[in-house]
Protein chains: 2
Amino acid sequence: MARRNDHTHEQIRQLALARLGEHLSNGPLANMSLRKLAQAIGYSPATLINVFGSYDQLLLSANADTLDQLAARLIEQQPQHATPQQQLLSFAETYLQFARQHRYRWQLLFEHRLPDEEAVPDWQQQRINRLFAVIESALAQLVPTQTAQQLQLAARTIWASVHGICALALDDKLFASSDIRVENMIASLIRHYVSDWQQQ
Amino acid sequence: MARRNDHTHEQIRQLALARLGEHLSNGPLANMSLRKLAQAIGYSPATLINVFGSYDQLLLSANADTLDQLAARLIEQQPQHATPQQQLLSFAETYLQFARQHRYRWQLLFEHRLPDEEAVPDWQQQRINRLFAVIESALAQLVPTQTAQQLQLAARTIWASVHGICALALDDKLFASSDIRVENMIASLIRHYVSDWQQQ
DNA sequence: ACCTGAACACCGTTCAAGT
DNA sequence: ACCTGAACACCGTTCAAGT
């Protein structure tokens with residue numbers, strides 16, 4: 001085999017994840033496979049299993065990258081001197097933009113499940129909690145007297161709702177007349193929910 | 001082959017869909033296959049391909065059944081003498097209940113995609129529009145002066161939001177402290193969105 | 001010690017051959 | 001005419017054998 005010892009495990013990790021990323025910017029995971037991925041980087045399928053443990057864990061690593069990219073984008077695009085409402089709207093719009101730009105990566109993030117239903121690993125949970133913190137902070141500015149639990153509930157309700165709108169819109173499952181745009185749905189959600197929520 | 005001519009095509013359809021339904025009440029689609037399904041009903045894989053056209057179209061037929069079951073449940077559980085707000089809340093709660101009870105069927109409905117991204121067939125779109133009509137009717141009672149387009153936008157925003165909450169909750173992707181329940185998120189969404197929306 | 005070719009147990013689909 | 005066994009081109013994973 002030609003490539004033996006050409007790369008460390010860590011380098012093989014990066015090669016595989018980068019190549020998978022390229023694929024996911026063009027097509028769905030269903031068009032990729034462990035064998036194709038291995039061939040594309042010049043290693044055998046068994047090498048990738050050695051390095052990642054399994055194809056499922058390789059995909060989990062790709063999802064970790066996706067969460068990092070999403071978090072970076074959300075935080076860098078977050079306006080600092082805007083009203084809390086505008087911050088929440090901007091957050092949701094950035095989320096939609098990311099989902100559109102990285103459609104297949106984003107699908108993989110939500111549709112890949114570990115075979116034994118084992119819990120999502122801690123490092124992944126922490127990445128997600130960091131994103132919720134941004135929403136909770138905007139909500140806390142809006143109504144400083146809210147309890148932590150009320151903030152948690154509202155932040156999760158908003159994010160899950162925005163997520164649902166993006167997910168169904170990207171899959172064309174809303175079947176609305178053509179003049180109904182997903183941006184307007186997101187704006188409608190944030191405006192109406194937040195207006196009433198801040199009146200307690 | 002033993003079963004030749006034992007059943008009409010229509011009977012084979014029903015056998016296969018019923019057997020797939022049994023499987024989906026116990027586990028995810030990933031644990032099923034065309035070959036296993038064919039063996040379970042005593043036919044060859046090629047027979048199922050003859051009858052359905054492909055495994056993908058077989059799954060599409062299963063999704064049509066799911067939409068019919070969901071629509072029946074939503075319509076029969078819809079309270080007639082409740083306020084529009086209560087109707088919307090009841091609608092969302094029934095949706096959650098269905099997603100929980102038929103978890104793997106429901107996953108298949110939203111995650112199965114035709115390989116060539118071809119449009120969802122008309123009969124499926126009509127089934128979905130029938131469900132939106134129920135939401136739009138409750139919203140129209142709330143504010144009779146809304147335009148059809150405003151009703152469409154609000155109905156789709158609400159449904160996509162409820163869907164997102166259910167989808168993430170069922171996959172344990174919300175990571176909230178244990179005292180935050182998904183029912184409270186749905187109630188929060190409906191209450192706050194609808195309260196502000198009806199003030200136009 | 002590290003890597004992988006070959007084998008294993010699958011998969012959806014096709015079609016020539018059988019009834 | 002209808003059906004399907006066998007073949008085809010895949011798949012993820014394992015592990016004995018090679019370097």
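Atoms considered below: every heavy atom in the structure, side chains included; atoms not considered: hydrogens, waters and symmetry mates. Letters go in sequence order (proteins before strands), and every chain restarts at 1.
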When you compare the side chain of [Y] with that of [X], does any pair of heavy atoms fall below 4.5 Å?
{"X": "Gln69(A)", "Y": "Phe98(A)", "answer": "yes"}
{"X": "Phe91(A)", "Y": "Val162(A)", "answer": "no"}
{"X": "Leu74(B)", "Y": "Leu131(B)", "answer": "yes"}

Do Gln97(B) and Glu93(B) have side-chain atoms, one donor and one acceptor, less than 3.5 Å apart? no
Do Tyr193(A) and Ser188(B) meet the criterion of a side-chain donor-acceptor pair at a distance under 3.5 Å?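 Yes - a donor-acceptor pair under 3.5 Å links their side chains.
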Nearest whole Å is fine: how far is [N] [atom2] from [X] [atom1]?
{"X": "Tyr43(A)", "N": "dG5(C)", "atom1": "OH", "atom2": "C1'", "value": "17 Å"}
{"X": "Gln39(B)", "N": "dC10(C)", "atom1": "CD", "atom2": "C1'", "value": "13 Å"}
{"X": "Glu10(A)", "N": "dC2(C)", "atom1": "CD", "atom2": "C1'", "value": "18 Å"}
{"X": "Tyr55(A)", "N": "dC10(D)", "atom1": "OH", "atom2": "P", "value": "15 Å"}
{"X": "Leu29(B)", "N": "dC11(C)", "atom1": "CG", "atom2": "P", "value": "12 Å"}
{"X": "Leu58(A)", "N": "dT13(D)", "atom1": "CG", "atom2": "C1'", "value": "14 Å"}
{"X": "Arg35(A)", "N": "dC10(C)", "atom1": "CZ", "atom2": "P", "value": "15 Å"}
{"X": "Leu34(B)", "N": "dT14(C)", "atom1": "CG", "atom2": "C1'", "value": "13 Å"}

Backbone of Ala62(B) reached by a side-chain donor or acceptor of Arg105(B) within 3.5 Å: yes
Among dT4(C), dG12(C), dG5(D), which nucleotide sits nearest the side chain of Ser33(B)?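 Nucleotide nearest to Ser33(B)'s side chain: dG12(C).
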Of the listed nucleotides (dT4(D), dC11(C), dG12(C)), which one gets closest to any side-chain atom of Lys36(B)? dC11(C)
Classify the angle between the aromatic ring planes of Phe110(B) and Trp159(B) as parallel (below 30°), tilted (30 to 60°) or perpendicular (above 60°).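 Phe110(B) vs Trp159(B) ring planes: tilted.
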Heavy atoms only: give me the nearest Leu142(B)-Gln85(B) pair and the separation to one decimal.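 Smallest heavy-atom distance, with atoms named: CD1-N, 4.4 Å.
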Could you identify which residues of residues 45-53 of chain A place a heavy atom less than 4.0 Å from some atom of DNA chain C, listed by residue number, or say none? Ala46(A), Thr47(A), Asn50(A)
Symbol by symbol from the 5' end, with Watson-Crick or G-U pairs under 3.5 Å, [ ] crossing and | another strand, DNA chain D is ||.|||||...|||||.||
Does His9(B) place a side-chain N or O at less than 4.0 Å from the phosphate oxygens OP1/OP2 of dC3(D)?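 For dC3(D), OP1/OP2 do have a side-chain N/O of His9(B) under 4.0 Å.
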Residues, nucleotides or ligands: over 12 heavy atoms within 6.0 Å of Gln39(B) CD: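 Counting other residues, nucleotides and ligands, CD of Gln39(B) stays at 12 neighbours or fewer.
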